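What follows is one structure encoded as structure tokens, with my remarks underneath.
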Amino acid sequence: MNFKLQVTDSKSRARAGNITTDHGEIETPIFMPVGTVGSVKGVHFNDLKKDIEAQIILGNTYHLYLRPGLDIIEKAGGLHKFNGWDRPILTDSGGYQVFSLSGNRKLTEEGAVFSSHIDGSKHLFTPENVVDIQRIIGADIIMAFDECAPGDADHHYAKNSMELTHRWLKRGITQFDHTENKYGHTQTFFPIVQGAGFRDLRIQSAEYIASFNRDGNAIGGLSVGEPAEVMYEMTEVVTSILPEDKPRYLMGVGTPVNILESIALGVDMFDCVMPTRNGRNGMLFTSRGIMNMRNEKWKDDFSPLDPEGTSFVDYHYTKAYLRHLFVAKEMLAAQIGSLHNLSFYLWLVKEARKHIIAGDFSSWKDKMVKQLSVRL
RNA sequence: GUGAUUGUAGCUCAGUUGGUUAGAGCGCCGGAUUGUGGUUCCGGAGGUCGCCGGUUCGAGACCGGUCUUUCACC
């Protein structure tokens with residue numbers, strides 16, 4: 001994997017760059033649709049490629065490991081062959097899931113013992129086997145196994161958690177560097193900065209992570225319940241330390257506004273369930289603001305979904321029709337909502353990139369931020 | 001026609017021996033959702049308790065009448 005920094009904005013830390021992988025190029029800043037179990041919920045790869053123009057998607061170690069299981073994925077020849085997606089894939093390590101989904105889990109120095117949300121069976125994730133699993137999945141970008149501390153963690157907890165994540169990181173890197181690419185294409189490994197909402201810990205963690213000089217670096221443990229200002233402050237602290245010439249990935253973020261603000265702070269990659277989860281449930285993000293498609297006010301609004309949208313669904317379907325589909329709980333409603341939101345998110349980061357290159361990112365961003373939070 | 005039976009929120013129902021502003025689930029109307037368990041959470045609106053009369057300090061509950069639902073029998 002290779003990252004080429006193209007342009008850095010003069011008035012902010014925003015950057016435009018290109019990531020090259022064996023599965024193709026990624027133009028940054030980029031948003032990565034979440035495809036937990038190897039599929040972006042409700043969206044065909046055809047639409048994902050041609051309509052949404054997704055350049056890279058996410059998969060989840062935790063989910064794929066539990067179902068269908070590594071034997072099937074390996075037999076299929078990796079996730080790319082299994083699901084037919086021939087562009088880059090990044091896999092989350094499962095650190096977040098182990099902590100967010102599993103009722104009973106036990107943390108030890110060795111790793112995390114957790115029970116499956118599917119059948120309750122017990123499993124162990126370690127920094128090493130999580131690398132092996134992602135090798136088998138065939139991810140282009142493999143994430144380190146980390147502990148994601150809760151948003152309200154105190155300093156003591158956050159410090160221990162960060163230190164454990166650092167020790168795990170060392171083991172993960174050793175494992176990664178001593179194992180081979182599984183299916184012929186190059187795989188790369190991203191470490192993750194932790195430190196919760198504490199400046200000193202974030203600095204310490206960012207410096208530690210930077211010292212490994214990997215192909216890219218991630219910022220974890222944000223957007224987990226802390227106020228947005230804290231998130232921005234921590235992001236700013238971290239991006240000022242992480243190497244300039246490597247992509248920075250802010251995990252799990254966020255709203256359209258969060259994304260623009262974080263781009264301005266020097267973040268290059270994002271992923272979030274928000275466009276798909278909220279889209280599935282009737283919340284649509286547009287360049288003019290947010291629409292709750294379940295609202296009664298749309299019932300006889302026969303104008304196009306989003307006249308300024310770039311997706312087929314934006315001009316083909318009306319607001320009234322989509323509201324009807326949501327109220328009737330039709331599957332198609334969830335599909336249209338997801339398709340629209342993803343296409344909007346991809347449009348947003350593409351537009352940001354254009355303005356970074358054109359040199360007017362900051363003023364464009366300020367204007368957009370105002371529009372994006374309007375409730376329609 | 002006779003004898004039973006039913007009637008409480010848009011729907012399905014709960015409401016102790018009569019006791020403050022009559023409840024629930026669903027639906028409806030809003031809001032939330034940030035490295036996804038096709039969701040989940042949180043608010044809100046909505047009822048002349050079929051109708052008329054009576055008993056009582058007090059009736060959704062008791063009594064009479066009337067209409068209504070369902071059933072059985074002639």
Side-chain angles (χ1 to χ4, degrees), chain A residues 31-43 56-64 66-67 89-103 114-120 130 134 139 141-151 165 190-194 217-228 230-232 235 249-259 261-262 267 269-285 290-299 323 326-335 337-338 341-342 345 375:
Chain A
F31 178 80
M32 309 181 280
V34 176
T36 310
V37 298
S39 103
V40 176
K41 288 187 196 300
V43 181
I56 170 172
I57 63 170
L58 239 82
N60 270 91
T61 299
Y62 171 88
H63 295 274
L64 291 166
L66 289 178
R67 193 164 55 191
I89 294 176
L90 177 151
T91 42
D92 186 20
S93 64
Y96 187 82
Q97 279 66 40
V98 167
F99 302 106
S100 72
L101 297 181
S102 294
F114 62 95
S115 55
S116 158
H117 69 280
I118 298 166
D119 61 7
V130 157
Q134 293 178 89
I141 301 174
I142 287 174
M143 299 305 300
F145 191 56
D146 64 337
E147 184 195 358
C148 181
T165 294
F190 281 20
I192 305 173
V193 174
Q194 285 292 344
N217 300 291
I219 308 167
L222 292 177
S223 66
V224 287
E226 80 284 2
V230 174
M231 180 175 99
Y232 295 141
T235 301
Y249 163 30
L250 180 53
M251 305 182 79
V253 173
T255 66
V257 170
N258 290 161
I259 288 176
E261 295 294 3
S262 303
V267 175
M269 303 164 72
F270 300 89
D271 81 282
C272 189
V273 302
M274 195 169 270
T276 37
R277 177 187 287 162
N278 290 24
R280 242 191 344 270
N281 293 300
M283 188 174 182
L284 266 60
F285 300 97
I290 297 166
M291 294 193 285
N292 181 347
M293 292 317 297
R294 304 186 65 94
N295 287 3
E296 193 169 29
K297 63 184 161 198
W298 308 120
K299 72 177 173 191
R323 167 178 145 89
F326 271 113
V327 170
K329 299 190 197 307
E330 275 294 311
M331 280 192 287
L332 184 58
Q335 293 181 294
S338 304
N341 276 351
L342 284 179
Y345 266 62
R375 299 217 143 250

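Lettering follows sequence order; numbering is per chain, from 1. What you see is a predicted model, and the numbers here were worked out from it, not measured in a lab.
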Please state the [atom1] separation for the pair [N] and [M] - nearest whole angstrom.
N	M	atom1	value
B:G7	B:C73	P	24 Å
B:C62	B:U17	P	11 Å
B:G3	B:G10	C1'	35 Å
B:C51	B:U68	P	15 Å
B:U48	B:U33	P	37 Å
B:G58	B:G43	P	39 Å
B:G30	B:A45	C1'	10 Å
B:U20	B:C63	C1'	26 Å

For RNA chain B, the dot-bracket notation using Watson-Crick and G-U wobble pairs below 3.5 Å, [ ] for pseudoknot-type crossings and | for other-strand pairs, is ((((..(..((((.....[...)))).(((((.......))))).....(((((..]....))))))..)))).
Protein-nucleotides 30-35 of chain B N/O pairs closer than 3.5 Å?
| unit_1 | atom_1 | unit_2 | atom_2 | d |
| --- | --- | --- | --- | --- |
| B:G30 | OP1 | A:E296 | N | 2.3 |
| B:G31 | OP1 | A:N295 | ND2 | 3.4 |
| B:G31 | OP2 | A:N292 | ND2 | 2.7 |
| B:G31 | OP2 | A:N295 | OD1 | 3.0 |
| B:A32 | OP1 | A:R375 | NH2 | 2.6 |
| B:A32 | OP2 | A:R375 | NH2 | 2.9 |
| B:U34 | O3' | A:G252 | O | 3.2 |
| B:U34 | O2' | A:S223 | O | 2.8 |
| B:U34 | O2' | A:S223 | OG | 2.6 |
| B:U34 | O2' | A:G252 | O | 2.9 |
| B:U34 | N3 | A:N258 | OD1 | 2.9 |
| B:G35 | OP1 | A:V273 | N | 2.9 |
| B:G35 | O4' | A:G252 | N | 3.2 |
| B:G35 | O4' | A:D271 | OD2 | 3.4 |
| B:G35 | O2' | A:D92 | OD2 | 2.7 |
| B:G35 | O6 | A:G221 | N | 3.4 |
| B:G35 | N1 | A:D146 | OD1 | 3.3 |
| B:G35 | N1 | A:D146 | OD2 | 2.7 |
| B:G35 | N2 | A:D92 | OD1 | 3.4 |
| B:G35 | N2 | A:D146 | OD1 | 3.0 |
| B:G35 | N2 | A:D146 | OD2 | 3.2 |
| B:G35 | N3 | A:D92 | OD1 | 3.2 |

- Item | A:Y62/A:Y96 aromatic ring centres below 6.0 Å | no
Tell me every residue that passes side chain to side chain donor-acceptor pair (under 3.5 Å) with [X], counting only those two or more places apart in sequence or in another chain.
X	answer
A:T91	A:Q134
A:E147	A:Y157, A:S161
A:T255	A:N258

Salt bridge (Lys or Arg N to Asp or Glu O under 4.0 Å) filter on A:K299, not counting sequence neighbours, yields A:E296
ask   = Using a cut-off of 4.0 Å on non-hydrogen atoms, how would the nucleic acid contact of A:G42 be classed: base, sugar-phosphate, or nothing?
value =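 Contact class for A:G42: base.
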Contacts of A:F285 meeting ring-ring contact (aromatic ring centres under 6.0 Å, His included) (sequence neighbours excluded), chain-then-number -> A:Y345
Residue pair A:A144 / A:S93: nearest heavy atoms and the distance that separates them
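Scanning both residues, the minimum pair turns out to be O-OG, 2.9 Å.
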Can you list everything that forms a side chain to side chain contact (heavy atoms under 4.5 Å, CB included) with A:S338? Sequence neighbours excluded, please.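 Once residues adjacent in sequence are excluded, the partners of A:S338 under the side chain to side chain contact (heavy atoms under 4.5 Å, CB included) criterion are A:V43, A:T276, A:R280.
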Applying side chain to side chain contact (heavy atoms under 4.5 Å, CB included) to A:V37 and not counting sequence neighbours gives A:H63
